[in-house]
Amino acid sequence: MPHILIVEDEAAIADTLIFALQSEGFTTTWLSLAEQALAEQQRNPADLLILDVGLPDISGFEACKRLRRFSEVPVIFLTARSEEIDRVVGLEIGADDYVVKPFSPREVAARVKAILKRVAPREVPAASPVSGPFQLDSERVQIHYHHQLLSLTRHEFRLLQSLLTQPERVFSREQLLDSLGVAADAGYERSIDSHIKSLRAKLRQVSAAAEPIQTHRGLGYSYSPRHA
Ligand code: CA
């Protein structure tokens with residue numbers, strides 16, 4: 001069952017939320033300080049956070065910004081003042097939803113369910129590993145670069161896939177041929193260079209200044225997130 005972390009300093013509000021969520025089958029943890037919640041989310045990540053805006057240590061907004069440095073977990077804000085809503089829904093904060101106090105705990109539980117349903121596909125681990133600006137979807141045989149879908153040949157896809165899965169590793173031409181399922185052969189090794197050349201041209205169309213594929217003279221190629 002999904003685990004919900006409730007960050008709220010008023011015990012009475014936390015109690016009603018815990019009751020409503022547990023009635024729906026969720027497990028819950030309740031903490032009253034933002035700093036505790038950030039530490040807990042790093043140690044033992046919950047599937048969703050319910051975060052009060054007015055907390056005793058740092059504000060829920062600040063907590064959410066810090067959270068976003070290491071986690072994409074969905075966040076629902078609890079806010080006491082309707083004038084805060086503009087900030088909550090603003091993209092700068094990175095929340096998924098908000099509820100204004102006083103609220104119905106059942107309503108909150110319904111929103112938790114709706115959000116978890118919406119984000120579920122994102123959490124399938126092998127589907128879309130992200131490395132820097134690249135998003136690799138091996139099942140769909142697609143790679144996005146800076147959110148743009150690359151139009152790649154089969155060989156280009158395999159090459160880039162191999163490079164992306166092990167950032168900074170230097171692959172020899174022979175190893176890259178292997179990844180294409182082509183037998184290593186002196187004549188074929190140079191064909192890697194032409195695939196890399198066309199691949200780079202396609203990447204440059206998206207980001208002209210970047211050089212994510214690095215050449216290592218006499219050795220081969222690597223993917224460098226620092227240059228992506
Ligand atoms: Ca509060």
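Every number for a ligand or one of its atoms is a count from 1 in the order of the listing.
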All heavy atoms of F26 vs all of A109, minimum pair found to be CE1-O, 4.4 Å
In D9, the N/O/S atom nearest the Ca ion (ligand 1) carries the name OD1
Of all N, O or S atoms in D52, identify the one at the shortest distance from the Ca ion (ligand 1).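 For D52, the N, O or S atom at the smallest distance from the Ca ion (ligand 1) is OD2.
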Do any N/O/S atoms of G54 come under 3.0 Å of the Ca ion (ligand 1)? yes
>> Under 3.0 Å from the Ca ion (ligand 1), can any N, O or S atom of E8 be found?
In response: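 Here the distance criterion (N, O or S atom, under 3.0 Å) is not met by E8, so no.
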inquiry  = Check D96 with R68, please: is the shortest side-chain N to carboxylate O separation under 4.0 Å?
reply    = yes
>> If you count heavy atoms of other groups shown closer than 6.0 angstrom to CZ of F70, is the number above 12?
In response: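 Yes, CZ of F70 has more than 12 neighbouring heavy atoms, counting only those of other groups under 6.0 Å.
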Q.
Pair E211, R200 - check salt bridge (charged side-chain N to carboxylate O under 4.0 Å, His left out), show working.
A. CA-CA 8 Å; E211 202 57 75; R200 277 177 170 156; 3.4 Å; yes
